[in-house]
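Here the structure comes first, spelled out in structure tokens, and everything after it is commentary.
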Amino acid sequence: MTEPELDNPKQLVASYFAEDTESVARNLLGALLLRRINEQWIGGRIVETEAYLHEHDLASHSARGKGNSNAAMFAEPGTIYVYPIHAKVCFNVVTQPENVGAAVLVRALEPIWGIDVMETHRGLTTPTRLTSGPAMLCQALAIDRSFNGRHFTDEPRLMLCQNHVSTEFDIVASPRIGISKSVDLPLRFFIKDNRFVSRRK
DNA sequence: AAAAAGATGTGCT
DNA sequence: GCACATCTTTTTC
């Protein structure tokens, strides 16, 4: 796919993220996540997300309240929350009104633009290993902790857009991946039958 | 069987 | 506050 669609991007507005987290997680499926690097947009379509709530969600980083490391999660909706894990990072967008402490984790992309650049960043060329995991997609898009706390509407290095090409798909909900608390809540959402979703058999 | 990924955890400047 | 180690699960060979 070429880039004509990016000539007229419909960037998501901040109010898009102010509603309840589960809805935002569902709505983000199919949206485009783009990273500006070397005067080129690289990225693709979001195919898998997870919702992290505040109240009663012990798996969420916000469950114990606001602290130094998770302060971005309590900022205004549309703020980027990047947290470190195992020498890598994962990418979230804050939802709900300010001070709630909820966010959507972007878990997988369908790579579309700048695949060669993403292959270089990842050090491999297997398509389904490029961005099919929260830490993988951050490495592919060169997202690091310098993005933490930035608002995506004020961040020229990133763009979140509505996808006006392919919007027809079924959404599947399942329990979230890799957590030890609140394990049964069906807060993981992905595009049915998409080959770039993580943890497929 | 071996490698990779990951809502961790520790430790130091 | 930031860098990085480490162990379990999942995926690939």
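Each chain gets a letter, A, B and so on, in the order its sequence line appears, and its residues count up from 1. Remember, it's a predicted structure, so these values are computed and weren't measured experimentally.
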### Message
What I want to check is whether the side chains of Thr49(A) and Arg188(A) have a donor and an acceptor closer together than 3.5 Å.
### Response
no

Which is true for [X] with a 4.0 Å heavy-atom rule: it touches a base, it touches only sugar-phosphate, or it touches nothing?
{"X": "Ala87(A)", "value": "base"}
{"X": "Phe91(A)", "value": "nothing"}
{"X": "Asn92(A)", "value": "base"}
{"X": "Arg176(A)", "value": "nothing"}
{"X": "Ile85(A)", "value": "base"}

For residues 74-89 of chain A, dump all side-chain donor-acceptor pairs below 3.5 Å to protein atoms at least two apart in sequence or in another chain.
from	atom 1	to	atom 2	distance (Å)
Thr79(A)	OG1	Glu76(A)	O	2.6
Tyr81(A)	OH	His61(A)	ND1	2.8

### Query
Planes under 30° and centres closer than 5.5 Å, is that true for Tyr52(A) with the base of dA7(B)?
no

### Query
Does Arg107(A) have a side-chain nitrogen or oxygen under 4.0 Å from the phosphate oxygens OP1 or OP2 of dA5(B)?
no

### Task
For the pair Glu50(A) and Arg107(A), find out whether any cationic side-chain nitrogen is under 4.0 Å from an anionic carboxylate oxygen.
yes

### Task
Find the distance Ile177(A):CD1 to dG6(B):P and express it as a whole number of Å.
10 Å

### Task
Take the protein atom NE2 of His54(A) and the nucleotide atom C1' of dA7(B), then report the distance between them rounded to whole Å.
15 Å

### Query
With a 4.5 Å limit on heavy-atom distance, are the side chains of Lys181(A) and Asp57(A) in contact?
no

#### Entry: Joint hydrophobic cluster, Ile46(A) plus Val93(A), side-chain heavy atoms closer than 4.5 Å
yes

### Query
Given that both pair distances must be under 3.5 Å and the pair must be Watson-Crick or G-U, what runs of three or more consecutive pairs involve DNA chain B?
B:1-6 with C:7-12, B:8-12 with C:1-5

### Message
Is it the case that dA5(B) (base atoms only) and His86(A) (side chain only) share a donor and an acceptor within less than 3.5 Å, ignoring hydrogens and angles?
### Response
no

### Query
Restricting to pairs with a member in residues 182-201 of chain A, which pass ring pair (Phe, Tyr, Trp, His ring centres under 6.0 Å), not counting sequence neighbours?
none

